[in-house]
Amino acid sequence: FSAFYASKDLDTLTKDHIKDYLFHLVQKNKISASSQNQAINAIKLYYEKVLKHSKFKFIIERPRKLKTLPKIISEFQVFNLLKHTYNLKHKSIIALLYSSGIRVSEVIALKKEHLNFVNHTILIKQAKGFKDRITVLATSTAKVLDAYLKSYTPKNYLFEGQNGGKYSARSINKFIQRNAKSAKIEQPISAHTLRHSFATHLLNNGTDIRLIKELLGHNSIKTTQIYTHVSDRDLRMIESPIDTIIRSQNSDKQQFNDDNLTLK
């Protein structure tokens with residue numbers, strides 16, 4: 001904002017100047033709705049708290065954030081992805097992302113002592129919101145991790161780069177996308193797709209949404225409820241009117257045929 005009006009004193013700018021800047025961000029920089037709101041809030045804070053102007057009351061229509069559904073893949077596609085992941089470290093990471101629903105940032109922060117192979121749990125330390133939580137360690141994933149730990153000898157983090165230290169989240173998304181192509185998964189996927197798929201598949205299988213909230217580490221149940229829009233559990237119970245009509249017609253035809261047989 002300061003660079004945009006480099007030749008002017010920011011203290012002298014009017015509301016129209018601010019609107020022109022925001023319009024520039026939208027038209028030229030094509031920034032997202034959330035970035036637009038962030039810019040508005042930052043400018044308000046600057047004028048009200050730093051320059052000590054009276055409360056900012058100019059009216060500008062704040063953009064609405066687009067409501068998009070989480071991208072998921074099916075259980076069969078998850079199986080194919082694992083099947084076409086031959087590197088043991090990569091397979092362990094993908095298995096963890098899907099079977100535990102943890103974030104990619106949480107995967108790369110894991111240490112060996114965070115895994116409990118007896119109780120089949122994973123301790124997520126200081127995750128989003130600076131909170132610890134416990135999530136599930138699937139039996140099948142535990143077997144893959146056991147094989148991984150016997151083949152690799154990580155010194156600090158569970159998954160480390162070639163030169164030590166945390167594994168790169170960018171590298172994880174790269175090999176997921178590469179292996180997805182080998183598995184004939186046409187839609188673009190990422191580590192977060194596996195987290196979304198974990199939550200949706202749990203919901204489809206009847207897991208209580210409050211438990212899913214705790215496993216994912218959401219602060220609010222409202223965040224978790226977005227998966228109800230992706231889950232097809234309730235859709236499976238709905239019969240489309242066209243199917244009802246066809247079933248009814250087929251039943252009538254069968255009744256007609258049965259009557260003919262009876263008459264004969």
Side-chain angles (χ1 to χ4, degrees), residues 70 72-73 75 78-79 81-83 85-180 189-203 205 207-221 223-224 226-227:
I72 68 165
I73 57 176
E75 290 97 328
V78 172
F79 176 79
L81 177 61
L82 287 166
K83 186 179 177 182
T85 302
Y86 304 108
N87 180 291
L88 186 55
K89 181 189 284 188
H90 296 175
K91 188 185 289 285
S92 300
I93 291 172
I94 290 175
L96 262 176
L97 285 165
Y98 173 69
S99 65
S100 304
I102 57 182
R103 301 175 179 92
V104 67
S105 58
E106 295 167 349
V107 166
I108 61 178
L110 280 176
K111 297 185 177 181
K112 184 180 176 181
E113 57 265 29
H114 296 157
L115 305 176
N116 189 322
F117 287 95
V118 177
N119 295 330
H120 285 268
T121 57
I122 304 172
L123 173 62
I124 309 298
K125 293 285 293 180
Q126 296 295 291
K128 194 173 181 180
F130 304 102
K131 295 185 299 183
D132 292 355
R133 77 176 191 279
I134 299 289
T135 190
V136 62
L137 173 61
T139 302
S140 54
T141 301
K143 290 179 181 178
V144 175
L145 286 171
D146 183 57
Y148 161 75
L149 288 169
K150 287 176 180 176
S151 298
Y152 291 77
T153 54
K155 295 179 180 178
N156 188 13
Y157 295 101
L158 182 61
F159 302 108
E160 297 178 336
Q162 292 181 347
N163 300 318
K166 283 185 181 180
Y167 202 81
S168 164
R170 186 166 175 266
S171 297
I172 290 174
N173 279 311
K174 274 191 171 182
F175 72 66
I176 287 175
Q177 291 162 7
R178 185 171 61 248
N179 294 343
I189 70 169
S190 65
H192 218 61
T193 307
L194 297 173
R195 175 175 162 87
H196 290 323
S197 301
F198 163 82
T200 306
H201 296 163
L202 280 182
L203 198 59
N205 294 328
T207 305
D208 190 293
I209 195 167
R210 290 168 295 182
L211 179 56
I212 297 174
K213 168 187 173 292
E214 295 303 319
L215 292 173
L216 293 176
H218 287 163
N219 287 325
S220 170
I221 193 70
T223 308
T224 318
I226 192 171
Y227 296 109

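A distance-only check finds no donor-acceptor pair linking the side chain of Lys166 to the backbone of Ser105 [under 3.5 Å]. In terms of modelled atom types and a separation under 3.5 Å, the side chain of Thr200 and the main chain of Ser197 share no donor-acceptor contact. A donor-acceptor pair under 3.5 Å links the side-chain atoms of Asn205 to the main chain of His201, judged by distance alone. Judged by distance alone, the side chain of Asn173 and the main-chain N or O of Ala191 form a donor-acceptor pair under 3.5 Å.
In this structure, the side chains of Leu202 and Leu211 stay at 4.5 Å or more apart for every pair of heavy atoms. Annotation: side chain of Leu215 is not in contact with side chain of Ser100 (no heavy-atom distance under 4.5 Å). A heavy-atom distance below 4.5 Å is not found between the side chains of Ile172 and Phe159.
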Practice problem: Please report the C-alpha distance between Leu194 and Ile73 in whole Å, then the side-chain angles of each, then the deciding distance to 0.1 Å, and finally whether the side chain to side chain contact (heavy atoms under 4.5 Å, CB included) criterion is met. | Solution: CA-CA 8 Å; Leu194 297 173; Ile73 57 176; 4.0 Å; yes

Self-check item: Residues Ile94, Phe175; criterion side chain to side chain contact (heavy atoms under 4.5 Å, CB included); working and verdict
Solution: CA-CA 10 Å; Ile94 290 175; Phe175 72 66; 3.9 Å; yes

Exercise. Mind running side chain to side chain contact (heavy atoms under 4.5 Å, CB included) on Val144 and Leu88 for me, showing each step along the way?
Key: CA-CA 8 Å; Val144 175; Leu88 186 55; 4.2 Å; yes

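By the salt bridge (Lys or Arg N to Asp or Glu O under 4.0 Å) test, Arg170 is found to be paired with no residue, residues two or more places apart in sequence or in another chain being considered. Applying the ring pair (Phe, Tyr, Trp, His ring centres under 6.0 Å) criterion to His120, with sequence neighbours excluded, gives no partner residue. When the side-chain hydrogen bond (donor to acceptor under 3.5 Å, both in side chains) test is applied to Asn163, no partner is found at least two apart in sequence or on another chain. For Thr135, there are no side-chain hydrogen bond (donor to acceptor under 3.5 Å, both in side chains) partners, not counting sequence neighbours. Residues satisfying the ring pair (Phe, Tyr, Trp, His ring centres under 6.0 Å) criterion with Tyr152, sequence neighbours excluded, are Tyr148.
Between Ala95 and Thr141, the shortest heavy-atom contact is O-OG1, 3.7 Å. Contact between Asn219 and Lys213 at its shortest, heavy atoms only, is O-CE, 3.6 Å. Between Arg133 and Glu214 the shortest heavy-atom distance is CD-O, 3.5 Å. The two atoms that bring Ala180 and Leu81 nearest to each other are N-CD1, 3.6 Å, heavy atoms only. Of all heavy-atom pairs between Ile221 and Ile209, the closest is CD1-O, 3.8 Å. The shortest heavy-atom contact between Tyr167 and Lys89 is CE1-CD, 3.7 Å.
Rounding to the nearest 0.5 Å places CD1 of Ile124 at 4.5 Å from CD1 of Ile102. Distance check: Ile212 CD1 to Thr223 OG1 gives 13.5 Å after rounding to the nearest 0.5 Å. Between the OG atom of Ser171 and the NE2 atom of His90 there is a distance of 7.5 Å, given to the nearest 0.5 Å. To the nearest 0.5 angstrom, Ile122 atom CD1 is 7.5 Å from Leu145 atom CG. Note that CZ of Arg195 and CG of Leu97 are 10.0 Å apart. Values are rounded to the nearest 0.5 Å. Here CD1 of Ile189 is found 6.5 Å from CD1 of Ile176. Values are rounded to the nearest 0.5 Å.
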Under 3.5 Å, side-chain donor or acceptor atoms of residues 108-118 against the rest of the protein: list the pairs with distances, not counting sequence neighbours.
{"unit_1": "Lys111", "atom_1": "NZ", "unit_2": "Asn156", "atom_2": "OD1", "d": "3.3"}
{"unit_1": "His114", "atom_1": "ND1", "unit_2": "Lys111", "atom_2": "N", "d": "3.1"}
{"unit_1": "Asn116", "atom_1": "OD1", "unit_2": "Val118", "atom_2": "N", "d": "3.0"}
{"unit_1": "Asn116", "atom_1": "OD1", "unit_2": "Asn119", "atom_2": "N", "d": "2.8"}

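The aromatic rings of Tyr227 and His196 sit tilted, their planes meeting at an angle between 30° and 60°.
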